[in-house]
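Have a look at the structure below, then the notes.
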Amino acid sequence: MAWSQHLIIVPILLPMIAGAALLLIDETSHALKALVSLASTILLLVAGMVLMRMAADVPDGSEALSFSYAVANWPAPFAIVLVLDRLSALMLVLTAILGLAALTFSLARWHRAGPHFHSLFQFLLMGLGGAFLTGDLFNLFVFFEVTLAASYGLLLHGSGVFRVRSGLHYISINLAASLLFLVGVSLIYGVTGTLNMADLADRLPGLADDDRVLFQAGAAILGIAFLVKAAMWPLGFWLTPAYMAAAAPVGAIFVILTKVGVYVLLRLTLLLFGSPAGELTGFGGVALLWGGIATIVFATAGVLASQALGRLAGYSVLISAGTLLAAVGMGDASVVSGALFYLVSSTLSTAALFLLIELVERAREPGADLLAVTMEAYGEEGEESEEREDEEVGVVMPGALAVLGVAFGCIALLLAGMPPLSGFVAKFAMLTGMLNLDGMGDPSEIPGRTWLLVALVILSGLAALIAMMRTGIRTFWAPLQPVLPRVLVVEVAPILVLIGLCLAMTVGAGTIVSYTDATARSLHDPASYIRGVLGGSAPGQAPP
Amino acid sequence: MTHAADLPAWAALLTAFLVLVGAGLALLGAIGTLRFASFYERVHAPTLGTSWGTGAIVLASIVCFSVLGSRLVVHEILIGVFVTITTPVTLMLLARAALYRDRTEGEEDVPSRSLLRRPTVNVGLDDDRDAEAPSSRDEDRA
Amino acid sequence: MTAVILTWSVTIAQLMLVAAMGCNAYRLIRGPRAQDRVLCLDAMYVSAMLLVLTVGIRTGSAVYFEAALIIAVLGFVSSIALAKFLMRGEVIE
Amino acid sequence: MELTLALAIGVLTGSGVWLVLRPRTYQLVIGLSLLSYAVNLFILSMGRLRGAAAPVLGADGNWNPADYADPLPQALVLTAIVIGFATTALLLVVLLVARGLTRSDHVDGRESR
Amino acid sequence: MEFYALLLIIGLPFLAGMTAVLLPSDSRAPATWLAGLTTAACLASTIWLYPAVSSGGAVRHRIEWVPSLGLDFTLRMDGFAWIFTFLITGIGLLVVIYTRYYISPEDPVRRFYLFFLGFMGSMLGVVLSGNLILLVVFWELTSIFSFLLIGYWHHNQAARDGARMALTITAMGGLALLAGVLVVGHIVGSYDLEVVLASGDTIRDHPLYVTALLLILLGALTKSAQFPFHFWLPNAMAAPTPVSAFLHSATLVKAGVFLLARLWPVLSGTPEWFTILGLAGMASLVLGAYLAMFQQDLKGLLAYSTISHLGLITLLLSLGSPLAAVAAIFHMLNHATFKASLFMAAGIIDHEAGTRDLRRLSGLFRYMPITGTLVMVASAAMAGVPLLNGFLSKEMFFAEAIETHADSWVDTIAPYAAVLGSALAVTYSIRLIHSIFLGAPPPESFPREPHEPPFWMRFPVGFLVIACLVVGIFPGLTIGPFLHVAVSSVLGAETPEYSLAVWHGFTLALGMSVIALIAGTLLYLVAGDYLERSESAPIFGRIQGQRLFERATVAVSWRWARLIEEVLGTRRLQPQMRLLVAAAIAAGAIPVVASGLGFAGSVGEFDFAFAGLWCVGMVCAVAAAHQAKFHRLAALALLGGTGLVTCVTFVWLSAPDLAATQLVVEIVTTVLILLGLRWLPKRSESLVDPEGLAARMRRLRDLSLAVVAGVGMTALSYAVLVSAAPESIADFFVEKAYSEGGGRNVVNVILVDFRGFDTMGEITVLGIVAVTIFALLRRFRPAPDTIERPEQQRIQRSYDEADPDREAGATAAEYLYVPSVIMQWMFPVVIVLAAYLFLRGHDAPGGGFVAGVAMAAGFILQYMAAGTIWVEDRLRILPVLWIGGGLLIAALCGTASVLLGDPFLTSYFRYVDLPILGKMPLASATVFDLGVFTLVVGATVLILIAIAHQSIRRLRAARLEGGRQVEEQQQWS
Amino acid sequence: MNRIFPYPVLTAALLVMWMLLTSFSAGQFLLGGCIALAASHAMTALQPSKPRLRRWQLIPWLVGIVLLDILRSNIAVASIIVHGRRRERVSGFVTIPLDLRDRTGLAVLACIITSTPGTAWIEYDHDTGVLLIHVLDLVEEDEWVALIKTRYEAQLMEIFE
Ligand code: NA
Ligand code: NA
């Protein structure tokens with residue numbers, strides 16, 4: 001077995017070992033802990049890159065498009081297999097990037113706010129890695145739990161009323177969802193006799209009618225569990241309070257959590273209910289589409305109604321979740337490709353926002369949020385007594401504030417989907433995909449719900465712009481002598497890097513879109529996935 | 001239960017008898033918990049099950065498996081031993097707790113603390129009278 | 001013949017034990033006092049243990065022994081926890 | 001037996017759901033515990049019911065899967081039990097801390113009505 | 001080569017902008033030079049590019065960006081683009097020169113030039129992009145930069161509001177434009193400008209034409225401040241004057257009409273186009289001019305006049321005739337020249353006189369004659385006085401207005417609107433001149449003593465005014481060829497014959513001009529003084545666009561949003577749970593309801609004992625649910641009853657491992673919850689949820705939800721139970737468990753080998769939770785009502801104290817005096833039991849997990865027997881280390897196989913002959929299980945003891961009034 | 001010796017337990033020996049009052065008696081339950097001044113009394129050494145005092161003191 005094959009286990013094993021080792025290191029030696037944690041995360045990123053290259057190097061038309069790794073060396077479908085393909089590789093790299101950014105940020109102060117931060121952080125990465133790699137339904141549950149458990153710990157990191165209260169809700173709801181997960185998975189096992197996703201997809205067409213009904217019930221219940229994680233309306237109210245309560249770096253890494261739900265839904269719907277699924281083709285798509293739409297509507301309202309930046313950020317997460325769900329619900333390759341681009345872009349930008357918020361809060365005078373709105377309401381007769389009304393000389397912006405301002409502006413553009421950053425390309429890619437399902441020049445009629453979705457995607461962007469502008473003006477422009485925030489380089493650097501990545505995504509959009517295109521195509525070819533897992537045919541072979 | 005056939009008659013009957021005795025004692029004990037009026041009486045009831053109730057069934061099991069495996073299988077003894085050792089702990093702690101609670105609630109039928117300070121002898125009356133403590137006084141601090 | 005007797009007696013024994021658990025459950029629900037509940041929970045553990053043993057006899061397999069043993073050795077832990085809670089309001093001081 | 005177990009699962013679920021919808025944190029804990037019993041039994045039942053067929057292999061060499069109860073659901077339930085225990089403990093502690101901070105044992109940290 | 005020139009034109013401004021930021025904060029001169037040279041370079045290369053486009057061709061180059069989406073970085077310069085490029089760079093250069101003197105020395109100009117150059121780059125991008133999406137990109141950039149420039153003086157409220165309004169509206173338009181372009185792309189199948197321009201008929205005939213048109217017009221009209229989106233422009237006057245001169249006269253606002261002209265061949269000529277644009281144009285033309293008359297702020301007047309003139313252009317474009325298009329394009333150029341000059345002049349006046357208020361300005365001519373002259377000429381051009389460029393294009397406008405294009409009422413009123421608009425234009429132009437320069441200087445003198453500005457500040461104005469004159473007198477020689485190139489690049493084949501002569505003889509158009517001039521003059525003579533005093537314009541003045549806008553935005557983006565959030569969302573847990581349950585029920589029910597559920601299948605014999613068992617179980621469960629509110633302890637005991645029944649069920653259904661595990665977990669959980677109960681004091685009756693109908697309805701609803709959920713689960717499980725089992729992967733496990741897994745207990749082999757990966761994750765969860773609990777409790781602050789000892793302990797203490805020969809705590813000691821002996825002697829027994837369960841695990845029920853929890857229970861037993869402090873004086877347990885160690889053991893055991901070249905977690909086993917022990921199975925899985933054991937012991941102990949420690953911490957806290965006491969927990973870390 | 005086998009009796013008992021659980025083989029003897037030893041070493045950490053077994057040969061004898069008594073009282077109590085209230089019966093508390101002080105001995109006594117249906121160990125005051133028990137069927141109370149003091153306490157004092 002080639003060493004490169006073993007690389008597939010690294011995204012799970014590395015953080016696990018790091019996390020365990022961190023438990024053995026004494027509480028007081030923060031530096032060492034930080035070092036270990038940082039090293040592990042960097043290595044994780046490297047491994048992710050290599051895996052991505054592996055996955056990307058598989059020629060498009062080849063028989064199997066996924067590498068499978070049989071843990072404990074038992075043959076699939078009996079063993080638990082890890083499956084690497086373009087999608088999982090993409091998610092791994094994204095996770096590593098986010099992790100590195102959040103971790104770096106936390107080194108400023110957060111990692112000392114409570115015991116075992118680094119261990120929990122590593123375990124979270126482990127859980128995410130497992131969730132993205134595993135090809136086994138129950139193993140997926142286990143890694144969901146690992147992720148959730150770590151997220152509970154991180155959410156409560158630093159304690160405090162707000163965290164604990166929202167943590168209580170977060171935990172309760174996710175516990176209930178986990179139970180549903182179990183019910184769904186076991187029901188599916190009871191009907192099909194397998195837990196391996198590929199095997200499952202393989203067995204579905206041969207299902208008897210009664211069994212199919214039960215399977216559908218199981219799949220639907222399982223879907224509910226995922227939708228809770230993906231925070232679809234009306235199952236996602238827990239998200240905003242929890243995320244805004246979390247410490248900045250935690251909030252940043254949490255951005256990927258909702259994407260796990262979306263990832264699984266994308267993976268499973270296309271694998272199980274793709275074209276070959278016979279009776280089951282397209283199962284649940286409509287629900288996802290309308291649920292996503294509802295989510296966008298609700299979250300858009302939320303974004304506009306938010307006074308606190310944290311809430312705004314939370315609702316932005318919801319918007320992106322809703323958009324992705326709707327895209328998954330549409331399910332066409334062109335849409336999915338755009339959605340994947342959007343997933344990456346929105347994840348990076350929202351994470352950056354969560355990090356930025358804390359720094360910005362340091363630069364605001366209290367109550368600025370409320371003012372931002374009331375002032376707008378009665379903006380004309382805003383009493384300007386103290387302001388240097390007719391002074392026609394620009395004010396010098398302090399360096400730190402200027403940097404934050406620029407970052408804030410960039411993130412606003414990203415959320416609004418305005419050029420020049422990747423948010424625009426992402427939305428454009430998605431929308432053009434929705435309007436031209438079979439590529440440009442596709443003359444087919446466009447159904448009303450697609451129009452609705454297009455409109456919502458654009459309007460949600462506008463809402464984000466308005467909300468961000470409101471806060472931004474209030475924060476960076478209004479104050480006469482702005483509060484000078486104390487900001488460390490390790491805090492700003494990750495934010496700028498994330499934004500820089502978004503810029504890079506705009507410039508290199510061609511490359512990325514071709515990657516996501518290939519990913520979408522492979523997702524729409526379940527057979528290749530199944531072959532990769534069950535057929536034992538190594539990726540890269542030309543079809544016979 | 002296919003293996004029942006493998007048992008010689010005496011073993012089968014002995015097992016059957018022991019099992020019934022054990023179960024019967026346990027059941028009687030349980031009924032006792034229903035019948036007895038006061039807690040201090042109810043405390044006695046379960047010991048039927050924990051003493052020879054357990055003993056009988058353990059013996060049954062021993063007989064059964066020893067004969068089946070045609071070798072002495074006595075590890076069930078341990079069950080009997082540990083039940084005999086551990087049950088008293090529970091009952092002692094529980095009875096004492098009950099005593100304390102009755103005292104604090106001014107139950108007059110329970111012997112006062114001072115009895116044990118100055119050793120004398122006291123005969124409690126049959127306390128059918130304090131049957132079913134009004135559940136309004138049901139405490140569960142939690 | 002004897003096999004039938006054994007089978008039946010085991011079945012009857014199981015019914016009796018279940019009945020015993022039922023009686024315990026009654027006190028468990030009705031109380032009246034917490035101590036009655038705890039007492040009956042403990043008794044219920046024993047009945048359950050005996051039930052497990054009878055299952056072992058019925059199936060003629062020794063694999064259920066561990067379960068019974070665990071009840072015998074550790075079953076009282078929760079009971080004394082409850083008892084101590086009643087007495088002291090705190091399980092571990 | 002099937003019917004009994006199915007009913008049992010149903011009743012446990014029902015009581016659990018009822019409690020989960022109650023406003024007190026303690027009710028939540030008890031409810032979730034009941035629910036996890038229900039789910040564990042549900043998982044087990046997905047392997048169909050087999051009495052006297054514990055999946056512990058006998059001495060003789062030929063092991064026919066038909067002679068044993070489905071071991072896989074049992075393994076799944078074991079995992080579920082462990083995770084259930086962990087999460088129950090966490091929830092309990094969180095509600096303790098919440099009560100310490102909010103002075104209330106309402107799930108929202110304040111009396112709603 | 002030409003292409004690089006294009007790249008330079010677009011790229012250089014951005015680069016320069018970046019470099020400007022790097023300059024020191026007080027660097028007006030270098031920044032000006034930088035900006036100036038950049039603009040000059042762009043201008044130069046534009047001029048250099050003229051030959052390439054003069055022959056009707058286009059310079060075009062394409063860089064692949066996102067080919068699969070039809071988005072390319074295509075630059076394309078044809079005549080029309082060229083003339084706009086020339087306009088932008090040319091006026092840009094003048095504005096830069098002007099700015100040098102306008103901006104005060106202490107102004108931190110870096111930011112200004114960054115935005116300014118950035119805007120210029122984006123504006124050039126709009127003009128030069130050869131791909132519609134690229135155009136949208138630059139379009140949005142212009143909105144952003146104009147936002148930043150308007151808000152440049154963000155320390156004053158007006159600037160902030162103006163900026164916000166401008167961006168909100170233009171961005172909205174931009175997004176609409178994007179949508180429109182997407183629709184066009186869908187219709188045409190490409191976003192490439194040339195392809196789109198080539199397929200006009202396809203678009204106009206397509207059912208989606210109107211959608212596309214509306215969206216694109218929304219973009220264009222907002223950008224060009226056309227009615228009803230006009231009001232952002234006057235509010236943008238808070239920007240520094242150079243910005244107004246550049247953006248709000250020459251460039252930004254022209255982007256809209258530019259786009260209309262650009263897409264004219266594709267979109268125009270339909271009734272929709274004619275009606276919408278016609279109305280918008282006409283309204284803007286008249287309303288703008290009308291409101292301009294009443295402005296008291298000089299820049300405000302200019303802003304409204306801009307709206308009016310852009311309306312004129314829009315109206316021209318709406319007509320859809322080639323000649324009208326020519327006139328439109330021509331007027332774009334003319335308006336740019338005179339309006340830019342006027343704005344800059346306004347800036348000069350503001351600087352010199354210290355005010356822009358027409359009421360306070362007067363008789364300025366004697367102080368600044370040259371500037372005065374220039375302004376008069378420019379205003380004349382604005383008014384459309386002959387021999388000035390404004391006259392020419394207005395002449396063509398009249399001519400076209402008369403023509404009938406599509407006989408509708410819009411078409412009929414067009415000429416009247418044209419005359420009216422021009423007349424009003426004359427009025428406000430005269431007012432501007434008269435009010436500022438003529439008449440006596442005001443009684444109270446100006447804030448500053450006004451005088452001529454420095455030459456170079458006046459130069460740009462002068463230059464443009466001369467341009468107005470020259471073009472106005474020799475149109476054919478000067479602007480003619482360039483205009484022709486531009487026009488023909490737009491109209492292509494259908495370029496009409498037109499002459500730029502000043503004199504066309506006595507035409508109706510000329511008559512209209514004369515009427516307009518006279519009417520305007522008369523109007524001023526009549527109403528001049530009234531205008532001078534009026535606070536706001538009658539009728540239309542009442543309708544203040546921005547006020548409506550503000551109210552609208554607040555309503556939509558705030559009140560409605562709040563409402564939706566309130567209605568569609570909740571922050572309380574119960575509704576969320578309710579929704580979750582309902583969703584789950586629906587999910588399970590819908591497929592079943594859709595296609596029915598079959599219960600056909602084999603049923604095992606009915607087992608009375610089992611049924612009886614579950615009667616007990618169910619009763620306990622229901623009772624627990626009923627008691628959980630007020631009798632927590634009872635609920636706990638009942639829960640234990642249910643758990644016990646579940647354990648027996650596991651035995652019944654031949655799952656011994658489950659029974660064992662469930663038992664130990666059951667025991668530990670009970671202790672755990674009891675530990676927790678100590679911190680949840682008696683439920684005070686005050687918290688009784690209110691009775692009454694509402695509450696009862698709530699309960700009824702929850703009850704029905706619960707019942708339905710229960711029924712659902714019953715149905716599902718029963719359906720599966722009676723159905724035939726599918727061929728399961730589990731068979732493989734049974735077959736291979738012993739031969740290849742080396743264990744007889746299949747379940748355990750699955751746990752440590754076949755699916756050991758699950759177990760690894762599961763123990764990780766346990767570890768994480770333990771650590772989390774530890775971390776959480778370290779900061780634990782008990783509620784005040786739980787801080788003192790439990791009631792029982794207080795009573796017993798008081799008793800002990802009352803008794804002379806008893807020391808405090810005697811009761812406690814006495815209570816455990818005898819039992820603790822047995823509890824302690826059980827400790828080694830539990831250890832042996834744990835060892836047994838662990839070692840037997842692979843072949844018989846048991847295993848690392850059960851053993852671990854049993855061991856932990858042993859520890860807890862000691863804690864209960866003798867108390868925390870006593871135990872920890874004797875046993876030093878370091879659970880966190882156990883957790884870490886256990887995880888490491890498990891992980892490394894798995895990694896070992898990787899080193900041997902097998903997949904992770906591959907287990908090896910063989911029989912080895914040991915001296916005395918004989919043949920012993922050795923499975924590497926046992927090492928893995930050891931890891932499990934270690935972690936489970938650590939985690940369980942940590943969880944329970946962390947809670948138990950709160951009691952001691954409470955005591956210490958009580959002793960040193962709530963001081964943070966963590967050291968007794970330190971030993972746990 | 002003491003440092004290797006801190007609790008010889010305990011170690012032996014645990015070894016027996018182990019071999020009962022597994023099998024009586026040389027291998028299990030070794031394995032069980034190690035485990036039992038480890039367990040008893042763990043016990044030293046708790047350092048409970050170490051009982052000195054004088055005359056341990058009495059133990060089987062005592063066990064015999066107890067089993068018998070328990071059997072008898074099983075029958076007695078069973079009959080009580082069966083007959084219910086038809087038969088007049090007085091239950092009550094009895095205080096017994098004990099001379100036995102050894103905690104282990106007391107523990108054993110507690111086990112005996114509690115395991116015997118009909119008598120329940122309620123409370124013990126270790127200052128005065130007075131024991132309070134509850135008797136289900138209290139005919140003549142001095143009988144009970146005598147029974148317990150002679151039949152059990154005496155033996156235990158011989159064994160443990
Ligand atoms: Na936060
Ligand atoms: Na004037």
Side-chain angles (χ1 to χ4, degrees), chain B residues 1-7 9 12-13 15-17 19-20 22-24 26-27 29-31 33-34 39 42-43 45-46 49-50 53-54 57-58 60-61 64-65 68 73 75-76 78-80 82-83 86-87 89-91 93-98 100-101 132-135 138-141, chain C residues 1-10 12-17 19-24 26-27 30-36 38-40 42-44 46-47 49-50 53-54 56-62 65 68-69 71-77 79-80 82-89:
Chain B
M1 46 197 288
T2 54
H3 62 285
D6 314 348
L7 282 175
L13 294 175
T15 317
F17 171 73
V19 166
L20 287 172
L27 179 55
I31 294 173
T33 55
L34 294 187
F39 171 80
R42 289 195 277 269
V43 165
T50 59
T54 309
I57 289 184
V58 161
S61 167
C64 176
F65 285 104
L68 274 180
V73 183
H75 60 314
E76 286 92 342
L78 292 171
I79 291 179
F82 290 126
V83 167
T86 55
T87 322
V89 184
T90 318
L91 295 185
L93 293 175
L94 201 53
R96 177 69 181 81
Y100 151 77
R101 309 177 87 212
E132 301 301 288
S135 52
D138 195 345
E139 60 346 279
D140 304 3
R141 86 182 291 291
Chain C
M1 179 55 205
T2 54
V4 180
I5 295 175
L6 179 55
T7 318
W8 271 104
S9 50
V10 170
I12 292 164
Q14 288 182 339
L15 285 168
M16 288 160 88
L17 288 169
M21 288 179 83
C23 301
N24 297 330
Y26 175 83
R27 279 265 172 236
R30 294 298 313 281
R33 308 296 313 276
Q35 51 262 41
D36 298 294
V38 178
L39 182 71
C40 287
D42 191 57
M44 215 167 164
V46 177
S47 316
M49 183 193 74
L50 297 179
L53 281 176
T54 55
I57 293 172
R58 193 186 66 199
T59 59
S61 94
F65 168 73
L69 185 66
I71 297 186
V73 178
L74 295 175
F76 77 121
V77 173
S79 309
I80 60 176
L82 286 158
K84 196 176 174 201
F85 185 81
L86 291 182
M87 175 76 180
R88 302 286 296 166

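Per chain, numbering begins at 1; letters A, B, ... match sequence-line order.
In this structure, CG in B:Leu27 is found 6.0 Å from SG in C:Cys23, a value given to the nearest 0.5 Å. Note that the CD1 atom of C:Ile80 and the CG atom of B:Leu94 stand 11.5 Å from one another [nearest 0.5 Å]. Going from atom CG of B:Leu93 over to atom CG of C:Leu82 covers 11.0 Å, rounded to the nearest 0.5 Å. Once rounded to the nearest 0.5 Å, the distance linking CG of C:Leu69 with CZ of B:Phe82 reads 7.0 Å.
Put simply, the side chain of C:Leu50 does not reach to within 4.5 Å of the side chain of B:Val58, judged on heavy atoms.
In terms of heavy-atom pairs under 4.5 Å with chain B, the best-connected choice from C:Ala83, C:Gly75, C:Ala19 is C:Ala83. Looking only at heavy-atom pairs under 4.5 Å with chain C, the residue among B:Val19, B:Ile31, B:Val43 that has the most is B:Val19. Contact count versus chain C (heavy atoms, under 4.5 Å) is highest, among B:Gly53, B:Cys64, B:Ala9, for B:Ala9. Ranking B:Gly29, B:Ala60, B:Ala45, B:Ser61 against chain C, the residue ahead of the rest is B:Ser61, based on heavy-atom pairs under 4.5 Å.
Interface residue B:Phe65: only side-chain heavy atoms are found under 4.5 Å from chain C. Contact of C:Met49 with chain B is made through the side chain alone, with heavy-atom distances under 4.5 Å. Of the two parts of B:Leu20, the backbone and the side chain both hold a non-hydrogen atom closer than 4.5 Å to a non-hydrogen atom of chain C. Contacts between C:Val46 and chain B at a heavy-atom distance below 4.5 Å involve the side chain alone, from C-beta outward. For C:Ser79, the parts lying under 4.5 angstrom from a heavy atom of chain B are both the backbone and the side chain. The contact between C:Asp42 and chain B is made entirely by side chain atoms (from C-beta outward), counting heavy-atom distances below 4.5 Å.
Across every non-hydrogen atom of B:Tyr100 and C:Leu86, the tightest pair is CE2-O, 4.3 Å. Here the shortest heavy-atom pairing between C:Pro32 and B:Arg42 reads CD-NH2, 3.8 Å. Closest non-hydrogen pair, C:Ala34 versus B:Arg101, comes out as CB-NH1, 3.6 Å. Closest approach of C:Gln35 and B:Ala98 over heavy atoms only: NE2-CB, 3.6 Å. The two residues C:Leu6 and B:Ala16 have their closest heavy-atom pair at CD1-N, 3.7 Å.
By the side chain to side chain contact (heavy atoms under 4.5 Å, CB included) test, B:Ala95 pairs with F:Ile122, sequence neighbours left out. Listed by chain and number, the residues in a side-chain hydrogen bond (donor to acceptor under 3.5 Å, both in side chains) with B:Thr54 amount to none (sequence neighbours excluded).
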request  = Could you give me the CA-CA distance, side-chain angles and deciding distance for B:Thr90 and C:Leu39, then say whether side chain to side chain contact (heavy atoms under 4.5 Å, CB included) is met?
outcome  = CA-CA 8 Å; B:Thr90 318; C:Leu39 182 71; over 6 Å; no
message = Please determine whether side chain to side chain contact (heavy atoms under 4.5 Å, CB included) holds for the pair C:Phe65 and B:Ile79, giving the CA-CA distance in whole Å, both sets of side-chain angles, and the decisive distance to 0.1 Å.
response = CA-CA 9 Å; C:Phe65 168 73; B:Ile79 291 179; 3.6 Å; yes
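Although no hydrogens or angles enter the test, the distance criterion places a donor-acceptor pair under 3.5 Å between the side chain of C:Arg27 and the main chain of B:Leu34.
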